[in-house]
Amino acid sequence: MTASPNRIDCGDGVTLERGLRCRMSDGVHLVSDHYYPPSTGAPAQHPTLLMRQPYGRDIASTVVYAHPAWFARQGYLVVIQDVRGRGDSEGEFYPFRQEGADGAETIAWLCARPESNGRLGMYGFSYQGMTQLLAAARQPPGLQAIAPAMCACDLYQGWFYHGGALRLAGTLGWGLQLLKADARRLRLARASEALERAWANLGSQPHHLPYGQHPALHGEGLPSYVLDWLAHPEPGSYWDSLDIHTSLHHIQVPALHLSGWRDPFVKGTIDGFLALSDRAGTDAARTHQYLVAGPWVHIPWGDSAGPEAFGPEALLDTDQLLLRWFNHWLKDTGEFAREPRIRHFALGENRWHVANTWGASTEPLRLHLHSGGRANSRKGDGTLSPAAPLAAQPPDLFVHDPEVPVLASSGGGDQSQPELGNNMLVYTSAALTQPIHVFGYPRLILYASASATHTDFTGRLVCVAADARAHSVCIGILRSGPHVRPDVPSRWEIELEPTSFCFQPGERIRLEVASSAFPLYDKNPGTGVEPAQATSWDWRRSTQIVHHDPQHLSLLLLPVLPRSA
């Protein structure tokens, strides 16, 4: 049913106007769909909610959010815009590069429209979260609140790389997804065919060697951005130009950060919340950074992730949460005034906790690595204990072979099978007699050496259930720098991804130590050849030695909440 020649009736008085064009200062036109709230009969102006995204504005992130018509029904103008070079918008798409300027100009245009009351908020997750942060750093008048979910202020550390290692499967998969749309838009038939073949067998793509020469990324006429990500394995000016981690002081609006413990960008989201709480541009902006960290994966947000079940509390109504957030800031209802700064879901306990500060305020629980020199696999003799070693202990050795890496994927999962390999060291505590709630960033201090000239070390925190199943909690990795010399013990400090996890009585705390986690991270060839350009000819096996004695206190540091928290 058509409400007017230009508007579509969406029910309950909500109407949709498709394909409005906004001209940028360089002449490029961006296209958006506009949802109008029910009319009360008299002319009225309303606050606006804006989402800017690269996946097709009709989708509007409805994989996790309510349809825009629902938000419009609550009294908001809702605008979903195709970013530059995507959907019907003109121009060339290069991820992140234009989102600050284009977002700020779009906001100015929307706030000047007659139906707007001049107050605007932005919402969206993943790339749509980045469009909010980048626009907010331009300080456009009218932007009063944002709700970035599952993204990062620092793209290098929080999105593409971790501890110097590329998040290979995620980066390659997302890059192929984006390039597929570019190839169709540019009518590149041969490139499109290659990309579709790769996409049809996505799980095998990280095995292509060298992955930086993957033919689907090099199709004639394709944009270069995926290759650029791979060509910049170190932080620097390239990454600085795409994100806001060097300009956090320009953010002057409140933000509601939404994260998932099983999301690949959990570190980026939590790091961003903490950075803006400390370095946003005004006292008000620093005070009004909020975090909701649930058990969720990237898509969907619910009460399970694969075989993991999180219970009914995990079904948080994030749409109502967003509505209360924007009502508070755009309609002055005050309904978010009593919300805690942090609301976090404790895995293992499956219930929500609240806090006004991040992490545990007490000294971390120190669990020292022990063994008789044979901690290889979960069949070995590796243990974790609060007691430090008082006498010499033989070190643990394992061989890292890039041809046979330790396998790992994003999120949780049962570690029982990987833990059978002797290319992993496993250290396990005694059964717990009381709950231990880890909240924050676990850290691993490792005294280790490698025979290769370059190497990685990984640490994974695991919960061993009473029935011996081993559930992954979080992981960290560190790639060696030039200070590491072959066969010389060095101190490695590995920050694991953040978590809120409650170990229960009868369960055991486990640490896995390895030198690969593929295809979650790319493989270090061990020879100094850039991983993106390495083939099997460049691989070198490495003998890894982990020390744990009075002179080399290798230990796991866990931020533990007091039992009453």
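- Residues meeting the ring pair (Phe, Tyr, Trp, His ring centres under 6.0 Å) test with Phe160, sequence neighbours left out: Trp229, Trp239.
- Counting only residues at least two apart or in different chains, salt bridge (Lys or Arg N to Asp or Glu O under 4.0 Å) contacts with residues 131-157 are absent.
- Of the inter-residue distances, the one linking Asp243 atom CG with Tyr156 atom OH reads 12.5 Å to the nearest 0.5 angstrom.
- If you look at Tyr161 and Tyr521, their ring centroids are not closer than 6.0 Å.
- Note that CD of Gln139 is 12.0 Å distant from CD1 of Ile107, once rounded to the nearest 0.5 Å.
- Residue pairs meeting the salt bridge (Lys or Arg N to Asp or Glu O under 4.0 Å) criterion with at least one partner in residues 66-82, sequence neighbours excluded, are Asp12-Arg73, Arg57-Asp82.
- Looking at Val438, Ile509, Thr499, Leu347 one by one, the single match for side-chain contact (heavy atoms from CB on, under 4.5 Å) with Val473 turns out to be Thr499.
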Cut-off 3.5 Å, no hydrogens considered: what does the side-chain donor-acceptor table look like for residues 113-122, sequence neighbours left out?
unit_1 : atom_1 : unit_2 : atom_2 : d
Arg113 : NE     : Glu115 : OE2    : 2.6
Arg113 : NH2    : Glu115 : OE2    : 3.2
Ser116 : OG     : Gly118 : N      : 2.9
Asn117 : OD1    : Arg119 : N      : 3.0
Arg119 : NE     : Gln144 : OE1    : 3.0
Arg119 : NH1    : Leu330 : O      : 3.3
Arg119 : NH1    : Asp332 : OD2    : 2.9
Arg119 : NH2    : Gln144 : OE1    : 3.4
Arg119 : NH2    : Trp329 : O      : 2.9
Arg119 : NH2    : Asp332 : OD1    : 2.9

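- Applying the ring pair (Phe, Tyr, Trp, His ring centres under 6.0 Å) test to Tyr35 and every residue at least two apart in sequence or in another chain returns His67.
- Residues satisfying the side chain to side chain contact (heavy atoms under 4.5 Å, CB included) criterion with Arg469, sequence neighbours excluded, are Asp414, Asp467, His471.
- Nearest approach of Pro498 to Tyr441, heavy atoms of both residues: CD-CE2, 3.5 Å.
- The salt bridge (Lys or Arg N to Asp or Glu O under 4.0 Å) analysis of residues 435-444, with sequence neighbours excluded, yields the pairs Arg443-Glu493.
- Looking at Arg286, its side chain does come within 3.5 Å of a backbone N or O of Ala280 through a donor-acceptor pair.
- Separation of the Phe96 and Trp159 ring centroids falls under the 6.0 Å cut-off.
- A search for side chain to side chain contact (heavy atoms under 4.5 Å, CB included) contacts involving Pro364 returns Leu557, not counting sequence neighbours.
- We find the CG-CD1 distance between Leu50 and Ile80 to be 7.5 Å, quoted to the nearest 0.5 Å.
- With sequence neighbours excluded, no residue forms a ring pair (Phe, Tyr, Trp, His ring centres under 6.0 Å) with His328.
- The existence of a salt bridge linking Arg97 and Asp228 is excluded, since no basic side-chain nitrogen approaches an acidic carboxylate oxygen closer than 4.0 Å.
- Residue pairs meeting the side chain to side chain donor-acceptor pair (under 3.5 Å) criterion with at least one member in residues 308-322, sequence neighbours excluded, are Arg262-Glu308.
- Arg23 pairs by the side chain to side chain contact (heavy atoms under 4.5 Å, CB included) definition with His29, not counting sequence neighbours.
- Remark: Phe439 pairs with His344, Trp358 by the ring pair (Phe, Tyr, Trp, His ring centres under 6.0 Å) rule, at least two apart or across chains.
- Between Tyr290 and Phe336, the ring center distance clears the sub-6.0 Å criterion.
- Atom CD of residue Glu497 and atom CD1 of residue Ile477 lie 10.5 Å apart, to the nearest 0.5 angstrom.
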